[in-house]
Amino acid sequence: MTAPRTQGLLPVTDHNTLHWEEHGTPDGTPCLVLHGGPGSGAHPGFVNFFDPHRHRIVLFDQRGAGRSTPDAGLPTTDLTTNTTAHLIDDIEALRTARGIDSWVVLGTSWGSTLGLAYAQAHPDRVRSLVLAAVTTTSATEVHWLTHAMGRVFPEQWQAFRDAAGPDADPHRLPAAYARLLADPDPRVRESAARAWCRWEDTHMATTADSTPSLSTRPLDFQLRFARLVTHYWAHHAFLPHDHLLDTMHRIAHLPGALVHGRLDISGPADTAWHLSRRWPAATLHIIEGAGHTKGLHATAVQALDRLTR
């Protein structure tokens, strides 16, 4: 695991502090990594997507995630100032603080939603984008993930739905879980976090080599992850319906790559396909046999290499 060349804490608005770090060469092409979740945190493994001799790689933990503070896993942490608009402002604050004029953006899963939103808000600050396991966190996608996918995993979905409580609306399970994860009783919060992470591991396990990646993590991670995901999903990323698709004209000129697994049940490939239809400067790569993030690495690396030369 590569140690960062430099790292620090950046105070931003609403009493939040972001943990950031840089890898690679300071004279290289600036590249920003947007992690998934929301809430997964910036794992150093993202550095492996880049050439440390050619790229200046910037990672950061989004508000409330990982090493950024305050910790979203605590029920006392106010999430009303944790929205997509706030994260976009944080990215701009980090860019300015690091003295970067524009950068290449890599976003995976939720990070692809945030990458699209950021690029559409600040197209002059983005050189190109590589988006893997593509999502837009639309109402349709969230309903698929938390309700309609019960047709694929009926027994696991029933356990997921039951853990939300007898009064939970089965069509609005993120909101039901968000309430449980803010409950003052730690037992309620812990049970909800574990149930949410078990469901996430279920719908991401669509290839033969899949192993649980969330429900086996420490409880503090599960609490943080589940609270942030349910907060964003309950509000459909705080964006109008189909907003990212409808405003693709803002970035249609930017070079890009969409990398997606054919077997990604978590996010069916039609989202990436519809985006590509409105993004003439981007290439679409549907990887046969790949799932959610698994099997996408090599193609994403090739796209980054091509788009940063």
Side-chain angles (χ1 to χ4, degrees), residues 7-22 30-43 46 57-74 77-98 100 102-126 129-139 141-142 174 178 181 221 224-240 243-245 247-248 250-251 254 267:
Q7 61 184 319
L9 297 171
L10 176 67
V12 289
T13 60
D14 312 302
H15 307 291
N16 279 266
T17 300
L18 307 179
H19 181 276
W20 61 268
E21 58 188 57
E22 287 196 24
C31 299
L32 172 70
V33 176
L34 299 175
H35 66 70
S40 295
H43 192 277
F46 278 114
I57 310 150
V58 183
L59 286 69
F60 80 104
D61 292 334
Q62 296 159 27
R63 285 194 180 205
R67 294 157 290 182
S68 293
T69 60
D71 183 350
L74 302 175
T77 298
D78 178 17
L79 296 188
T80 61
T81 57
N82 197 326
T83 69
T84 301
H86 289 96
L87 299 185
I88 291 171
D89 288 345
D90 289 349
I91 295 170
E92 275 295 275
L94 179 60
R95 181 189 63 77
T96 301
R98 301 309 303 151
I100 295 170
S102 62
W103 40 17
V104 175
V105 175
L106 169 67
T108 64
S109 194
W110 155 256
S112 65
T113 295
L114 182 55
L116 286 168
Y118 171 70
Q120 291 180 8
H122 299 282
D124 56 326
R125 300 304 182 186
V126 176
L129 297 103
V130 174
L131 307 178
V134 182
T135 71
T136 65
T137 318
S138 67
E141 290 170 47
V142 171
L181 289 158
F221 171 88
R224 183 184 310 120
F225 176 87
R227 190 160 185 237
L228 280 170
V229 173
T230 57
H231 172 64
Y232 274 83
W233 287 12
H235 295 92
H236 309 133
F238 300 91
L239 297 170
H243 173 77
L244 296 179
L245 183 63
T247 51
M248 282 301 294
R250 296 180 182 175
I251 62 169
L254 292 177

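Because the structure is a prediction, the values reported are computed rather than measured. Counting from 1, the numbers follow the sequence of the chain as shown.
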- Item | Beyond-backbone contact of E21 with D61, side-chain heavy atoms, under 4.5 angstrom | no
- Task: Would you confirm whether H236, through its side chain, and V142, through its main-chain N or O, come within 3.5 Å as a donor-acceptor pair?
- Result: no
- H243 ring center near F238 ring center (under 6.0 Å): no
- Item | Closest approach of A237 to W110 (non-hydrogen atoms, all atoms of both residues) | CB-CZ3, 3.9 Å
- Closest approach of F225 to S40 (non-hydrogen atoms, all atoms of both residues): CE1-OG, 3.5 Å
- Message: I91 vs H122, test: side-chain contact (heavy atoms from CB on, under 4.5 Å). Steps then yes/no.
- Response: CA-CA 10 Å; I91 295 170; H122 299 282; over 6 Å; no
- Item | Validation row: L254, L129 side chains within 4.5 angstrom (heavy atoms) | yes
- Task: Begin from the C-alpha positions of I251 and V126 and carry the test side-chain contact (heavy atoms from CB on, under 4.5 Å) through to its verdict.
- Result: CA-CA 9 Å; I251 62 169; V126 176; over 6 Å; no
- Message: Strictly distance-based, threshold 3.5 Å: is any side-chain N or O of Q62 a donor or acceptor partner for the main-chain N or O of L87?
- Response: no
- Query: Is there a side-chain contact (heavy atoms from CB on, under 4.5 Å) between L239 and L244 once you walk through the steps?
  - Reply: CA-CA 8 Å; L239 297 170; L244 296 179; 3.8 Å; yes
- Mind listing the closest non-hydrogen atom pair of F221 and G39 along with its distance? CE1-O, 4.0 Å
- Query: Could you state the interatomic distance from CG (N16) to CG (L9), rounded to the nearest 0.5 Å?
  - Reply: 12.0 Å
- Message: With heavy-atom distances below 4.5 Å as the criterion, would you say the side chains of L59 and H35 are in contact?
- Response: no
- Hey, could you give me the CG/OG1 distance between L116 and T247, rounded to the nearest 0.5 Å? 8.5 Å
- Message: For a 4.5 angstrom cut-off between non-hydrogen side-chain atoms, does F60 reach R98?
- Response: no
- Query: With Y232, which of N82, T83, T137, T84 fulfils side chain to side chain donor-acceptor pair (under 3.5 Å)?
  - Reply: N82
- Locate the shortest heavy-atom distance separating A117 from I88; write the atom from each residue and the value. O-CD1, 3.7 Å
- Item | E92 side chain near Y118 side chain, heavy-atom distance below 4.5 Å | yes
- Taking it one step at a time, do I57 and V33 satisfy side-chain contact (heavy atoms from CB on, under 4.5 Å)? CA-CA 7 Å; I57 310 150; V33 176; 4.2 Å; yes
- E22 and V58 have their tightest heavy-atom pair at CG-CG2, 4.0 Å
- Note on the structure: The reported gap from CG in L18 to CG in D90 (rounded to nearest 0.5 angstrom) is 4.5 Å
- Query: Testing T77, T69, D14 for side chain to side chain donor-acceptor pair (under 3.5 Å) with R63, which one passes?
  - Reply: D14
- If we only count heavy atoms from C-beta on, is the T13 to D89 side-chain gap below 4.5 Å? no
- Item | Any H235 side-chain heavy atom under 4.5 Å of H231 side chain | yes
- Message: Which heavy atom of G66 sits nearest to which heavy atom of R224, and what is that distance?
- Response: N-CD, 3.4 Å
- Is P30 close to V104 at the side-chain level, that is, under 4.5 Å between some pair of heavy atoms? no
- Enter the distance from L79:CG to L228:CG here, rounded to the nearest 0.5 Å. 6.0 Å
- Main-chain N/O of S109 paired with T135 side-chain donor or acceptor, under 3.5 Å: yes
- So how far is it from L181 CG to T230 OG1, rounded to the nearest 0.5 Å? 5.0 Å
